[in-house]
**Q** 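One structure, pasted below without further comment.
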Amino acid sequence: MIEQVKGTRNLYGLEAEKYLYIYDIFRKSFNTYGYDLIELPTIEHKELFDKSIGENSEIVTKQMYEFKDKGNRDLVLRPEATASVVRFHNEFFRNESRKYSYFGKMFRYENPQKNRYREFIQAGAEIVGTIDEYSNLQILKTSIRFLSLLNIKSKLNLNTIGTKNEREKYIEELDKYFSKNKRELSKESVDKIGKNTLRILDSNDPFDNQIIDLAPVIYDYLNNETLSKYEAFKKDLKTEGINFVENPKLVRGLDYYNDLTFEFVVNGTVVGGGGRYDSLSEILGLGNLSGVGVAFGVDRLINTVKSIPSKTRVMLIAQNLSDLNLVSSKLDKAGISYLLPVRGSKENTQYKEAIKNNVDYVVNCTENTIKNINNNESIKFNISNLRKLL
RNA sequence: GUGAUCGUAGCUCAGUUUGGUUAGAGCGCCUGGUUGUGGUCCAGGAGGUCGCGGGUUCAAAUCCCGUCGGUCACCCCA
């Protein structure tokens, strides 16, 4: 037997329904609010992500699906979409400001586990161009509307990581501090000193707690402009009645972020995250445009959403096919959808099939009745009687 | 990249420790009957390269090695 590729997922039945439902709510939340949908290519030049996400990041060094095509180009399956959106924007709308939304497959070569797949779906939104802090608020408010329409209760974590210069100075101090206290850190954290210092703050190892708690805090290394922007933003959130938890240790894995970073957490799982990226365009050599965005893990949302609204389902049964064909043609004309038995089996078997398929009503085309499968009450079949039930 | 654990019928699993008839069960599926406002019950039937490859052995689902896949965790992230 040929097994499926590691880390891929088959969405079937209820999961597929949830996928469509989430896509639908996503479109209602973003697309219809002026975030134009963009279908981006799945393959991109490797260079795009080397530059944007960062050559030393975990994603680029270990997690990209890389290949050479027949023209000897270095290509990758995209690990995320923000860089592609910025590429597109700079190519076609360089001197405009625009809002985008996207919904599609991403790929990262990691070992799969709960809520993490090699091929996964992200739904995201970006505002790119000459923009101010108001965009940050818009992205967050729209995200919150999206999650609440899905009936998902999430916690919003918030942080600012300042400008690149500020961050570099902070990391320098952090390196010194952790080096000095090496002996009281886990081996894994020690390995990150000088390489991925910020991530040490994120350590789950209880052994590290004490040292991390006493570590320098990023806010002490940010200048007044950065801090006042951040304070103003928090004030806006409070005015809007948006609850959040400030987490100075929240660092994102992508190099291009500055100032605002945030994530939405449900039961300990990050279902979405994002932030500000004012230097991404420049890093890509594409100009000098700002941006802010959010991305949701659709697979994680599928695993989180408990139930979705269901439609009333009708199944036709009959003891001969001509009865079945007659009624199904009538329903086709009336625009009513229905299920049919897979084959002309005996009546009892067809009833069983209806029950198995979770239908609400069975139309017996031979007897001309509509039966409510939940209480076994039958009424005469005709189109208007059936329509009343739907 | 690291670690743990699992892989036997469509599904859930027993059998693996201690190698030994023809590899089993429940559910599901198909056929016939029963019931007749139907989801019950009865009988029969189909369905298995024991994930894959190699090794040990007179003999492997069972032991060894490798590999692929699932689940979970670390790392990391959505």
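Just so it is clear, the structure is predicted and the values come from calculations on it, not from any experiment. Below, chain A is the first sequence line, B the second, and so on; all start at residue 1.
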**Q** Can you identify which nucleotide, out of rC75(B), rG39(B), rU37(B), has its nearest atom closest to the N348(A) side chain?
**A**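 Ranking rC75(B), rG39(B), rU37(B) by closest atom to the N348(A) side chain puts rG39(B) first.
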
**Q** What contact category does N375(A) fall into here, base, sugar-phosphate, or nothing, at under 4.0 angstrom with non-hydrogen atoms?
**A**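 The answer is nothing, as N375(A) stays clear of every strand by at least 4.0 Å.
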
**Q** Could you measure between the two C1' atoms, the one in rA61(B) and the one in rU21(B), and give it in whole Å?
**A**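 These two C1' atoms come out 16 Å apart once rounded.
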
**Q** Heavy atoms only, 4.0 Å cut-off, all strands: where does E263(A) land among base, sugar-phosphate and nothing?
**A**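 No contact.
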
**Q** Calculate the interatomic distance between N111(A) atom CG and rG70(B) atom P; express it in whole Å.
**A**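 Interatomic distance, CG of N111(A) to P of rG70(B): 10 Å.
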
**Q** Assign I373(A) to base, sugar-phosphate, or nothing according to its heavy-atom contacts below 4.0 angstrom with the strands shown.
**A**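 It contacts base atoms.
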
**Q** Considering only side-chain heavy atoms of K346(A), which listed nucleotide, rU2(B), rU34(B), rC29(B), is closest?
**A**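 Nearest to the side-chain atoms of K346(A), counting from C-beta on, is rU34(B).
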
**Q** Are side-chain heavy atoms of Y35(A) and Q138(A) found at a separation under 4.5 Å?
**A**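 Of all side-chain heavy-atom pairs linking Q138(A) with Y35(A), at least one is under 4.5 Å.
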
**Q** To the nearest Å, give me how far apart CD (Q63(A)) and P (rC74(B)) are.
**A**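 Q63(A) atom CD is separated from rC74(B) atom P by 15 Å.
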
**Q** Considering only heavy atoms from C-beta outward, does the side chain of Q4(A) approach that of N10(A) to under 4.5 Å?
**A**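 Touching, per the 4.5 Å side-chain cut-off.
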
**Q** Any protein N or O atoms within reach of nucleotides 4-13 of chain B? Criterion: under 3.5 Å, listing atom names and distances.
**A**
from, atom 1, to, atom 2, distance (Å)
rG7(B), N2, E3(A), OE2, 3.3

**Q** From the options rC72(B), rC76(B), rG70(B), select the nucleotide whose nearest atom is closest to the side chain of K114(A).
**A**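 The nucleotide sitting nearest to the side chain is rC72(B).
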
**Q** I'd like the C1' distance from rA59(B) over to rC63(B), given in whole Å.
**A**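 To the nearest whole Å, 13 Å.
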
**Q** For the side chain of R116(A) and the base of rC76(B), is some donor closer than 3.5 Å to an acceptor across the two?
**A**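 A donor-acceptor contact between them is present.
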
**Q** Does the distance from a Lys or Arg side-chain N to an Asp or Glu carboxylate O, for K141(A) and E240(A), drop under 4.0 Å?
**A**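 Result for this pair is yes, salt bridge flagged.
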
**Q** Can you say whether the rings of F103(A) and Y23(A) are parallel (under 30°), tilted (30 to 60°) or perpendicular (over 60°)?
**A**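 Taking Y23(A) first and then F103(A), their aromatic rings lie parallel (interplane angle under 30°).
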
**Q** Report the nucleotide, chosen from rA78(B), rC76(B), rU34(B), that has the shortest atom-to-atom distance to any side-chain atom of Q122(A).
**A**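 Nearest nucleotide to the side chain: rA78(B).
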
**Q** With rounding to the closest Å, how many angstrom separate the C1' atoms on rC76(B) and rU57(B)?
**A**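 After rounding to an integer number of Å, I get 46 Å for this pair.
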
**Q** Calculate the interatomic distance between Y109(A) atom OH and rU2(B) atom P; express it in whole Å.
**A**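 Value for this atom pair: 10 Å.
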
**Q** Which part of the nucleic acid does E367(A) contact within heavy-atom distance under 4.0 Å: base, sugar-phosphate only, or nothing?
**A**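 Base contact - E367(A) has a heavy atom under 4.0 Å of at least one base atom.
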
**Q** Go through the steps to decide whether E173(A) and K169(A) satisfy the test salt bridge (Lys or Arg N to Asp or Glu O under 4.0 Å), and finish with yes or no.
**A** CA-CA 6 Å; E173(A) 288 304 311; K169(A) 215 173 117 208; over 6 Å; no

**Q** Rounded to whole angstrom units, what separation is found between the CD atom of Q113(A) and the C1' atom of rA73(B)?
**A**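 So the CD-C1' distance, Q113(A) to rA73(B), works out to 6 Å.
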
**Q** Just call it for R343(A): base, sugar-phosphate, or nothing, with non-hydrogen atoms closer than 4.0 Å on any strand.
**A**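 Sugar-phosphate only.
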
**Q** Have a look at G274(A) and say if it touches a base, only the backbone sugar-phosphate, or nothing, with a 4.0 Å heavy-atom cut-off.
**A**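 No contact.
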
**Q** Please classify the nucleic acid contact of K105(A) as base, sugar-phosphate, or nothing, using heavy-atom distances under 4.0 Å.
**A**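 Result for K105(A) = nothing.
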
**Q** Using the six-membered base ring of rA78(B), report whether F120(A) stacks on it, requiring centroids under 5.5 Å and planes under 30° apart.
**A**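 Stacking between F120(A) and rA78(B): present.
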
**Q** Does any non-hydrogen side-chain atom of V271(A) lie less than 4.5 Å from one of E263(A)?
**A**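 E263(A) does not reach V271(A) side chain to side chain.
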
**Q** Side chains of T261(A) and N159(A): donor-acceptor distance under 3.5 Å anywhere?
**A**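 No, no side-chain donor-acceptor contact under 3.5 Å.
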
**Q** Roughly, in whole Å, what's the span from CE in M315(A) to P in rU37(B)?
**A**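 Between P of rU37(B) and CE of M315(A): 20 Å.
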
**Q** Contact class for D299(A) (heavy atom, under 4.0 Å): base, sugar-phosphate, or nothing?
**A**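 Result for D299(A) = nothing.
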
**Q** Using distance alone, with no hydrogens and no angle criterion, decide if S281(A) and N90(A) have a side-chain donor and acceptor under 3.5 Å apart.
**A**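 Side chains of S281(A) and N90(A): pair found under 3.5 Å.
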
**Q** How would you label the contact of Q4(A) with the nucleic acid (heavy atoms, under 4.0 Å): base, sugar-phosphate, or nothing?
**A**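 Answer is sugar-phosphate: Q4(A) comes under 4.0 Å of backbone atoms only.
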
**Q** With a 4.5 Å heavy-atom cut-off, do Y100(A) and F30(A) have their side chains touching?
**A**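 They are not in side-chain contact.
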
**Q** Classify the nucleic acid contact of K62(A) as base, sugar-phosphate or nothing, counting any heavy atom under 4.0 Å across all strands shown.
**A**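 Answer is nothing: K62(A) stays at 4.0 Å or more from every strand.
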
**Q** For a quick check of understanding: with a heavy-atom distance under 4.0 Å over all strands, which category does V5(A) fall into, base, sugar-phosphate or nothing?
**A**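 V5(A): backbone/sugar contact only, no base atoms under 4.0 Å.
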
